[in-house]
Amino acid sequence: MILLHGYTQTSRMWRPIIPQLAEKFTVIAPDLPGIGDSGIPPDDQINMIVAAKQIHELVRSLKIERARVVGHDIGLMVAYLMPRNFRTKLRSSR
């Protein structure tokens, strides 16, 4: 399960719920590009498509073939773009 945080937040917002989710899922909660502990892309371009691409690359690098994506606020916008723009086996969770 991939958890994407909202505006003015970081992945730390998910800490209270991660232990419960981890009982059933492998949980990944990254910071979106340019927020929290993540770096700013080298070309200084930060938008939802760039964020979706970076999260997609993270998923691929971890060799995750299927995942559920949960997004809050801007994280939802990124989650929406992932299966739409990248051919991955992602499921949205509402």
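Keep in mind it's a predicted model, so treat the numbers as computed, not measured. Worth knowing before you read on, the calculation uses all heavy atoms, side chains too, and leaves out hydrogens, waters and symmetry mates.
- Panel note: side chain Asp73, backbone Gly75; no donor-acceptor pair is recorded below 3.5 Å.
- Tyr7 places none of its side-chain heavy atoms less than 4.5 Å from the side chain of His72.
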**Item:** Glu65/Val59 under side-chain contact (heavy atoms from CB on, under 4.5 Å): CA gap, chis, key distance, verdict
**Value:** CA-CA 8 Å; Glu65 294 183 24; Val59 169; over 6 Å; no
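- Summarising the geometry of Gln9 relative to Met13, their closest heavy-atom pair is OE1-SD, 3.0 Å, with the distance given to 0.1 Å.
- Between Leu3 and Met1 the shortest side-chain heavy-atom distance falls below 4.5 Å.
- For Met48, the side chain to side chain contact (heavy atoms under 4.5 Å, CB included) partners are Ile74, Met77, Val78, Leu81, not counting sequence neighbours.
- Heavy atoms only, all atoms of each residue included: Val69 and Ala79 are closest at CG1-CB, 3.3 Å.
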Show me the donor-acceptor pairs, under 3.5 Å and distance only, between side chains in residues 18-33 and residues at least two apart or in other chains.
unit_1: Asp31; atom_1: OD1; unit_2: Ser11; atom_2: N; d: 2.7
unit_1: Asp31; atom_1: OD1; unit_2: Ser11; atom_2: OG; d: 2.9
unit_1: Asp31; atom_1: OD2; unit_2: Asp37; atom_2: N; d: 2.7

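- Proximity of Leu4 to Leu76: side-chain heavy atoms (C-beta onward) are nowhere separated by under 4.5 Å.
- Residues Leu58 and Ser61 share a closest heavy-atom pair of O-OG, 2.8 Å.
- Cluster annotation: Val50 is not connected to Ile2 through the hydrophobic network of ILVMFWY side chains, with a link wherever side-chain heavy atoms come within less than 4.5 Å.
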